[in-house]
Asker: 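Encoded as structure tokens, here's the structure I'll be asking about.
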Amino acid sequence: MGNPAPGSNKYAMFLLHVYSFFNKYLGLQNVYFFAQTVFQSMKHTTTCCLLILALIVCRQTIAQHTFTIQVNKPVATIQPTMWGIFFEDINLGADGGIYAEMVKNRSFEFNKPLMGWTILGKPATEGDFTIINRGNDHAANPRFLRVALHNNAKGSIGINNEGFRGMGIKNGIRYDFSVMYRTAAANITLHIELLDEKNTVVGNGTLKTGFTGNEWKKQAVSFTAAATVLKGKMNIWFEGDGTIDLDMVSLFPEDTWKKRPGGMRADMIQLLADMKPGFIRFPGGCIVEGFDLNQRYQWKKTIGPIEDRQLIINRWNFEFAHRPAPDYFQTFGLGFFEYFQLAEDIGAAPLPILNCGMACQFNSAELVPLSELDPYVQDALDLIEFANGDATTKWGKVRAGMGHPASFNLTLLGIGNENWGPQYIERLKVFTKAIKEKYPNIKLVNSSGTDPNSDRFNYLNTELRAMNADIIDEHYYRKPEWFFSNAKRYDNYPRSGSKIFGGEYASHADKTTGDNKNCWLAALSEAAFMTGLERNAAVVNMASYAPLFAHVDGWQWTPDLIWVNNLQSYGTPDYYVQKLYALNKGTHVVPITLNKEVVAGQDSLYAAACIDSATGELIVKLVNASNKEQINVLSLEGVKKLAPQGKLTVMQSDNLYSVNSFAAPQNIAPKESALAVKGKQIKLTATPYSFNVLRVKVR
Ligand code: AHR
């Protein structure tokens, strides 16, 4: 090896400049060709080696590909339902979550009737606070609290409610307290106080009972909070003499979604509305099935006056020994009417899932005998009438009576959640026959079990296709590697026959710290996988991440799309990936290829393209899952002209394990910029570990 030639740095610099020139304007092949020529003309080996090394280093930071997009060759229609949301009451998703009720165990129906409540002061006699069970007289809500007063002064005796992991209280917001009571005493006063973590009163109201007699009456009082508190609580002090019976003790903030009294938490629903989801699946998930059939979700018990909605235990209460939630119940203050209304509010097609006569097969696996399946099937038929029937029908009248005379336009219905085996197929056949006979236009969503590749899956997939099932629901909770390597999963699925619903999926990354497993690696792998869903929109008609919400102090399952505490909520990187897909859905898939092949992992690149016929735009989604910057030239065929500028939205982080948090909710979030366009080629430089969405007007 000789000494470095004098002036070799100059050669290197020169070569690098030339390299970047070629790289920028002509492509890498030309750089190599040029470098070869220079090397051949050089005599000094060391210099040569250094230059080669420099090129290798540069090659690792910059690569270039040319993609062909056939803009005028749409290959599939993208269904309006394509990107949706999956809602389940898990992780305090409903009670303690989107349902804005702040009082836990408001009707004393939890297994332990005073769970969440503490008695304040010293009762004068044993039995001054008693739980009475009305039994069959009031089967849906049998218990109430009886309080005996003995000329009590304010502050001597009362009850405290701890809320769902505390109560989130906001300064300046009005709080609406209400209670159902009956009393023979003429003048009992309830003093309601909201307290902060140090027991300072931050809001209070007074309710003087206005009715006496044997009838239950509801009375309310409102007051405004003077401080913001993350984990507050509520006291009710009793003043007066005599006995008072209490039930449905309730506290709601005024600032619910659409300001509906007794409504939903606005910040959480806003995050859903912002996604403009194509559908919303509810109410699950495993809670549809229940631990046993007694604990299954029964939609008819979730509508009508809330005091008549029969509470049941939530199966996530005890499902995971390492995440017990003994206070997790379903009050159904949020029931099927509210779910339909939510779907309508956020412009999503409603997709209710019903129990198919089988309890959760991970739990009791109870079956309803086929001979006794009729009531279950009738529930399905009645639900369709409840959603769509006019006010002359039995169930349409119930809906109209609840304040919604117009139809909810139900077109999709799920039969069974994660059910499997011949027992599922034989029950499904009974449902399908009855529903299709009466409502041939309703599309049925059927279960393919719990995982995307197993004997269980293969059996169901074969059976369902033989039945010509409308939509097959596939679930995949897998590692990021699975998502990257399955970007082509649907490329060879049959184009005719059953359609696919990617009904529950999430990438589970191992190497994360703390509770929040929603790291960038997981979201990036989902973005890559979703290019394959979009490319195969001819087959995949719907997809949704799961689960949706998690409360930081009350979760059972992680990762989840959106994290909340009592006051705040934030979207994870996965949320922003879902949102970008939903907001950039397009109407028709167009081919995007690299060397005539779909883009699904070459050099760690993943891509899909579609057009939006409503706006006349081309939309390209591109994932660069490598650690190097990659220059991508998009060469457009079948267009006359492009707008001089497109919009590029990018999510990126060099740290694959970084997450969003309450302190940094936008740590990994989309950033928009303008992208100049020249001629019919677009240069999209994808930074390492990035998800890029480009929109450009085409003619
Ligand atoms: O999303 C959490 C759970 O995962 C769902 O309840 C169930 O369907 C699946 O097993």
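The structure presented is a predicted model; accordingly, all values stated were derived computationally and were not measured. Order of appearance sets the numbers: ligands from 1, and atoms from 1 within every ligand.
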Asker: Should you measure from each heavy atom of Gly285, which atoms of ligand 1 turn up under 4.0 Å away?
Answerer: 5 (C), 6 (O), 8 (O)

Asker: May I ask you to check whether Cys286 has an N/O atom sitting below 3.5 Å from an N/O atom of ligand 1?
Answerer: yes

Asker: Could you list which atoms of ligand 1 come closer than 4.0 Å to a heavy atom of Glu88?
Answerer: 2 (C), 5 (C), 6 (O)

Asker: Does a sphere of radius 6.0 Å around NZ in Lys276 hold more than 12 heavy atoms from other residues, nucleotides or ligands, not counting ones at 6.0 Å or beyond?
Answerer: no

Asker: Under 3.5 Å between some N or O of ligand 1 and some N or O of His475?
Answerer: no

Asker: Suppose I only count heavy atoms of Glu418 and a 4.0 Å limit; which atoms of ligand 1 are within that range?
Answerer: 7 (C), 8 (O), 9 (C), 10 (O)

Asker: Return the CG to SG distance between Asn355 and Cys360, rounded to the nearest 0.5 Å.
Answerer: 10.5 Å

Asker: Does any N/O atom on Trp557 come nearer than 3.5 Å to any N/O atom on ligand 1?
Answerer: no

Asker: Please confirm whether the ring centroid of Tyr575 lies under 6.0 Å from the ring centroid of Tyr545.
Answerer: no

Asker: Which heavy atom of the protein is the closest neighbour of atom 9 (C) of ligand 1, given with residue, atom name and distance?
Answerer: Glu504 OE1, 2.9 Å

Asker: Looking only at protein heavy atoms, which one is nearest to atom 2 (C) of ligand 1, and how far off is it?
Answerer: Tyr477 OH, 3.6 Å

Asker: Compute the ring centroids of Phe318 and Tyr328, then answer whether they are less than 6.0 Å apart.
Answerer: no

Asker: If you count the atoms of ligand 1 from 1 in the order shown, which ones are under 4.0 Å from a heavy atom of Trp316?
Answerer: 6 (O)

Asker: Return yes when Phe362 approaches ligand 1 closer than 4.0 angstrom through a heavy atom, no otherwise.
Answerer: no

Asker: Ignoring hydrogens and geometry, is there a side-chain-to-backbone donor-acceptor pair from Asn660 to Asn667 under 3.5 Å?
Answerer: yes

Asker: Using a 6.0 Å cut-off, check whether atom NZ of Lys488 has over 12 heavy atoms from anything other than its own residue.
Answerer: no

Asker: Would Arg265 count as a cation-pi partner of Trp257, with NZ or CZ less than 6.0 Å from the six-membered ring centre and within 45° of the ring normal?
Answerer: no

Asker: What are the atoms of ligand 1, with element, lying closer than 4.0 Å to any heavy atom of Asn417?
Answerer: 7 (C), 8 (O)

Asker: Which atoms from ligand 1 have a heavy atom of Pro547 less than 4.0 Å away?
Answerer: 1 (O), 2 (C)

Asker: Are the aromatic ring centres of Tyr476 and Trp482 under 6.0 angstrom apart?
Answerer: yes

